[in-house]
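Values reported hereafter were calculated over all heavy atoms of this structure, with side chains retained and with hydrogens, waters and symmetry mates removed. For the single chain, residues carry numbers from 1 onward in sequence order.
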Amino acid sequence: MQERSEKKERTKKIIKRTLIILLLLFIAASGYLVYYLYNESRSGHEYHELYITKQPATNEKVESPVDFDALTQTNDEIYAWIEVNGTNVNYPIVQSNTDDEFYLKHSAVDKSYISSGAIYTESCNGKDFEDPITLIYGHNGYSDIMFTTLHNFESKAFFDEHEYFYIYVPGKQLTYQVISAFKYDDRHIMNTFNFNSPEDLAEFQATITNPDSTTKNVRTELDTTIDENSKIVVLSTCITGQKANRYLVCAVLVDIKETN
């Protein structure tokens with residue numbers, strides 16, 4: 001009887017410990033879920049509030065929807081704004097003065113920590129979009145924010161219907177025509193190619209105009225010729241469940257307009 005009683009007592013203790021562990025796991029999981037949802041909600045709202053519009057134009061210049069003077073008061077590392085019609089990409093572009101990876105996990109609004117990060121470039125690129133290739137990075141997988149909706153370009157119908165996107169810098173609207181959208185590997189493009197080399201530049205241009213990818217859409221008729229003078233922007237984001245791959249949306253500068 002004593003042995004049976006001790007066995008019951010041990011069983012009770014095991015059950016108690018198990019319940020405590022399960023409770024702790026539940027609390028931890030709940031905390032993570034709340035934090036994740038908070039980050040998603042914060043990301044979506046803070047950038048919406050940051051989109052500061054100006055008064056309508058009174059002359060023939062293109063009206064920029066962004067007030068850069070106001071934006072740079074919240075973060076002096078904001079230097080451009082990207083807007084991709086048909087997606088939720090409508091964000092400031094930032095570049096850290098000290099750490100290329102800073103905006104992977106920090107907000108463009110106030111530089112505070114946020115898991116969804118910001119839309120950013122690295123210091124290997126200038127801020128004037130005069131480089132032959134400019135890489136712009138943004139996270140995928142945070143609901144429909146950041147660069148997640150760039151995956152809309154996987155649809156041929158969407159790709160065909162959404163030919164252009166815009167980047168605003170102080171005083172200018174830059175119009176880009178989408179050349180291609182495709183799955184690529186996870187190499188660091190700016191470290192792999194030397195775009196000051198005509199050979200490397202030609203090789204990468206050949207890649208984006210005719211990608212070797214099963215997941216691709218390509219525009220063969222462009223408003224301009226792709227050559228050594230082209231200014232190309234590559235939007236890069238992750239692919240859910242494919243750590244070794246990236247999704248690229250590549251576009252070439254076709255027009256520059258002055259803005260108010």
> Are side-chain heavy atoms of Leu201 and Ile133 found at a separation under 4.5 Å?
Replying inline: yes

>> Between Ser230 and Thr224, is there a side-chain heavy-atom distance shorter than 4.5 Å?
In response: no

> Between Gln177 (side chain) and Asp223 (backbone), is there a donor-acceptor pair under 3.5 Å?
Replying inline: yes

> Could you go step by step and tell me if His106 and Ser112 meet the side-chain contact (heavy atoms from CB on, under 4.5 Å) rule?
Replying inline: CA-CA 5 Å; His106 288 84; Ser112 62; 5.9 Å; no

> Are Val218 and Val233 connected in a single hydrophobic cluster, I mean Ile/Leu/Val/Met/Phe/Trp/Tyr linked by side-chain heavy atoms less than 4.5 Å apart?
Replying inline: no

> How many angstroms lie between atom OH of Tyr137 and atom CD of Glu122, to the nearest 0.5 angstrom?
Replying inline: 4.0 Å

> Which atom pair, heavy atoms only, marks the closest approach of Glu83 to Phe165?
Replying inline: O-CB, 3.5 Å

>> Once rounded to the nearest 0.5 Å, what's the spacing between atom CZ of Phe158 and atom CG of Asn217?
In response: 11.0 Å

> Looking only at heavy atoms, which two atoms of Thr259 and Lys61 are closest? And how far apart?
Replying inline: O-CD, 4.0 Å

>> Could you go through His151 and Ile239, starting from their C-alpha distance and side-chain angles, then the distance that decides it, and tell me whether this counts as side-chain contact (heavy atoms from CB on, under 4.5 Å)?
In response: CA-CA 9 Å; His151 288 280; Ile239 301 175; 3.9 Å; yes

> Taking Ser155 for the side chain and Asn152 for the main chain, is one N or O donor matched with an acceptor at less than 3.5 Å?
Replying inline: no

> Atom CG in Asn210, atom CD1 in Ile208: separation rounded to 0.5 Å?
Replying inline: 11.0 Å

>> Applying side-chain contact (heavy atoms from CB on, under 4.5 Å) to Thr121 and Ile93, what does each step give before you reach the verdict?
In response: CA-CA 7 Å; Thr121 57; Ile93 303 174; 4.1 Å; yes

>> Which heavy atom of Gly117 sits nearest to which heavy atom of His139, and what is that distance?
In response: N-CD2, 4.1 Å

> Do Thr148 side-chain atoms and Gly141 backbone N/O form a donor-acceptor pair below 3.5 Å?
Replying inline: yes

> Just by distance, do the side chain of Ser180 and the backbone of Cys250 share a donor-acceptor pair under 3.5 Å?
Replying inline: no

> More than 12 heavy atoms of other residues, nucleotides or ligands under 6.0 Å from NZ of Lys127: is that the case?
Replying inline: yes

> Taking all non-hydrogen atoms of both residues, which atom of Gly138 and which atom of Thr237 are closest, and how far apart?
Replying inline: O-OG1, 2.8 Å

> So, for Phe129 and Ala80, which heavy atoms are closest and what is the spacing to 0.1 Å?
Replying inline: CE1-CB, 3.8 Å

>> Under the side-chain hydrogen bond (donor to acceptor under 3.5 Å, both in side chains) test against Gln173, which residue among Tyr168, Tyr166, Trp81 passes?
In response: Tyr168

>> Quick check: do Leu253 and Glu130 have side-chain heavy atoms less than 4.5 Å from each other?
In response: no

> Has Gln242 got more than 12 heavy atoms of other residues, nucleotides or ligands less than 6.0 Å from its CD?
Replying inline: yes

> Strictly by modelled atom types, are Asp200 and Asn194 linked by a side-chain donor-acceptor pair under 3.5 Å?
Replying inline: no

>> Quiz question: by atom type and distance under 3.5 Å, do the side chains of Asp100 and Ser123 form a donor-acceptor pair?
In response: yes

> Where the side chain of Lys105 meets the backbone of Ser115, is there a donor-acceptor pair that is under 3.5 Å apart?
Replying inline: yes

> Judged by atom type as modelled, is there a donor-acceptor pair below 3.5 Å linking the side chain of Thr207 to the main-chain atoms of Glu203?
Replying inline: yes

> With a 4.5 Å limit on heavy-atom distance, are the side chains of Tyr120 and Leu104 in contact?
Replying inline: yes

> Taking C-beta and beyond as the side chain, do Thr87 and Phe153 meet within less than 4.5 Å on heavy atoms?
Replying inline: yes

>> As an exercise, state the distance from NZ of Lys172 to CG of Leu174, rounded to the nearest 0.5 Å.
In response: 7.0 Å

> With no hydrogens and no angle check, is any side-chain donor or acceptor of Tyr164 less than 3.5 Å from a backbone partner on Val254?
Replying inline: no

> Ignoring hydrogens and geometry, is there a side-chain-to-backbone donor-acceptor pair from Asn75 to Ala108 under 3.5 Å?
Replying inline: yes

>> Check whether Asn88 reaches the backbone of Asp144 with its side chain - one donor and one acceptor, N or O, closer than 3.5 Å.
In response: yes

>> With heavy-atom distances below 4.5 Å as the criterion, would you say the side chains of Tyr184 and Ile189 are in contact?
In response: yes

> What do the steps show when you test Ile232 against Phe204 for side-chain contact (heavy atoms from CB on, under 4.5 Å), and what is the final call?
Replying inline: CA-CA 11 Å; Ile232 291 170; Phe204 188 72; 5.5 Å; no

>> Please check if the number of heavy atoms outside Asn191 that lie under 6.0 Å from its CG is greater than 12.
In response: yes

>> Does either side chain, that of Gln95 or that of Glu77, offer a donor lying less than 3.5 Å from an acceptor on the other one?
In response: no

> Under 4.5 Å between any side-chain heavy atoms of Ile167 and Ile136, yes or no?
Replying inline: yes

> Any side-chain heavy atom of Met146 within less than 4.5 Å of one from Asn140?
Replying inline: no

>> If we ignore hydrogens and angles and just use 3.5 Å, is the side chain of Arg219 paired with the main-chain N or O of Phe159 as donor and acceptor?
In response: yes

> Which atoms form the tightest heavy-atom contact between Asn125 and Leu135, and what is the distance?
Replying inline: OD1-N, 3.1 Å

